[in-house]
Amino acid sequence: MTDELLVIRCQLGEREALTELVRTWHDPIWTYVRRMLGPAEADDVSQEVWLAVLRGLPRLKEPGRFAPWLFTIARRAVANRLREEYGRPEAAAEGEPVSQDAATTLVDRAELVAGLSGLPVREREILVLFYLEDLSVEDCAEICAVPVGTVKSRLSRARRMLRDHLTEKGYRR
């Protein structure tokens, strides 16, 4: 069943459709949040995202655009959490850096995740949305509320920064 049909069914009040929608999109949203904030905050922020979805779903005018709408909500939740984190005194903000998933066993994947965590938020976000969530440049632009050209330039800069970071760490293709 398509997301569009599920959204319409949800808007009509069908609980089973909402269950299916959450089942379909929970993992991609949780993974996005985890990659942006780290595993410690992924559960809480993901719940915030789904609460916002539940509240906003009746007002969604274009059910076919559910994925970009959903990731826009997730992006706002991540940004709010980052704002809170950066607003704390520096000593309280120090903690573990965003790290790779404990289940990740491949060295290449660990290097990539460590490289991503070392990137600035804007660059990390665009790489996660485009490459790891498989969203189009247009969808990334809509989610980030920037022009398509900005997404392309951020992707280029992010790739270069990630490549440089991995090269510094001794990783080779």
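We count residues from 1, following the sequence as given. Because the structure is a prediction, the values reported are computed rather than measured.
Of the inter-residue distances, the one linking Ile143 atom CD1 with Glu138 atom CD reads 11.5 Å to the nearest 0.5 angstrom. Within the model, atoms CG of Leu119 and CG of Asp164 stand 10.0 Å from one another, a figure rounded to the nearest 0.5 Å. Expressed to the nearest 0.5 Å, how far CG of Leu21 lies from CD of Glu16 amounts to 13.0 Å. Here the NZ-CZ distance, from Lys152 to Arg157, works out to 15.0 Å after rounding to the nearest 0.5 Å. Rounding to the nearest 0.5 angstrom, the gap separating the OG atom in Ser136 from the CD atom in Glu142 is 8.5 Å. From Gln11, atom CD reaches atom CG of Leu18 across 11.5 Å, with rounding to the nearest 0.5 Å.
A donor-acceptor distance shorter than 3.5 angstrom exists from the side chain of Arg124 to the backbone of Met36, with no hydrogens or angles considered.
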Start with the C-alpha distance between Leu162 and Arg159, add both sets of side-chain angles, then the distance that settles side chain to side chain contact (heavy atoms under 4.5 Å, CB included), and finish with yes or no. CA-CA 5 Å; Leu162 182 60; Arg159 281 188 223 113; 5.9 Å; no
Any chance you could lay out the side chain to side chain contact (heavy atoms under 4.5 Å, CB included) test for Cys144 and Thr150, step after step, and finish with the verdict? CA-CA 10 Å; Cys144 295; Thr150 302; over 6 Å; no
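Taken together through direct or relayed side-chain contacts under 4.5 Å among Ile, Leu, Val, Met, Phe, Trp and Tyr, Leu127 and Val146 form part of one hydrophobic cluster.
Proximity of Pro68 to Leu135: side-chain heavy atoms (C-beta onward) are nowhere separated by under 4.5 Å. Annotation: side chain of Tyr131 is in contact with side chain of Leu155 (closest heavy-atom distance under 4.5 Å). Residues Tyr32 and Val78 form a side-chain contact, since some pair of their non-hydrogen atoms from C-beta on lies under 4.5 Å apart. Using a 4.5 Å heavy-atom cutoff, the side chains of Thr31 and Leu132 are not in contact. Contact check for Leu6 versus Arg9: side-chain heavy atoms found under the 4.5 Å cut-off.
A search for salt bridge (charged side-chain N to carboxylate O under 4.0 Å, His left out) contacts involving Arg160 returns nothing, not counting sequence neighbours. Remark: Asp43 pairs with Trp30 by the side-chain hydrogen bond (donor to acceptor under 3.5 Å, both in side chains) rule, at least two apart or across chains. Partners of Arg122 according to the side chain to side chain contact (heavy atoms under 4.5 Å, CB included) rule, which considers only residues two or more places apart in sequence or in another chain, are Arg154. Residues meeting the side chain to side chain contact (heavy atoms under 4.5 Å, CB included) test with Pro28, sequence neighbours left out: Trp25, Phe71, Glu133. For Ala141, the side chain to side chain contact (heavy atoms under 4.5 Å, CB included) partners at least two apart in sequence or on another chain are Val148, Val151. Looking at residues two or more places apart in sequence or on another chain, you find a side chain to side chain contact (heavy atoms under 4.5 Å, CB included) between Thr24 and Asp3, Glu20. Take Glu4 and apply the salt bridge (charged side-chain N to carboxylate O under 4.0 Å, His left out) test, not counting sequence neighbours, and it matches no residue.
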Listed pairs under 3.5 Å, donor-acceptor, residues 44-62 side chains, sequence neighbours left out:
from  : atom 1 : to    : atom 2 : distance (Å)
Ser46 : OG     : Ala42 : O      : 2.7
Glu48 : OE2    : Arg81 : NH2    : 2.6
Arg59 : NH1    : Arg55 : O      : 3.1

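Other residues, nucleotides and ligands contribute at most 12 non-hydrogen atoms within 6.0 Å of the CZ atom of Arg76.
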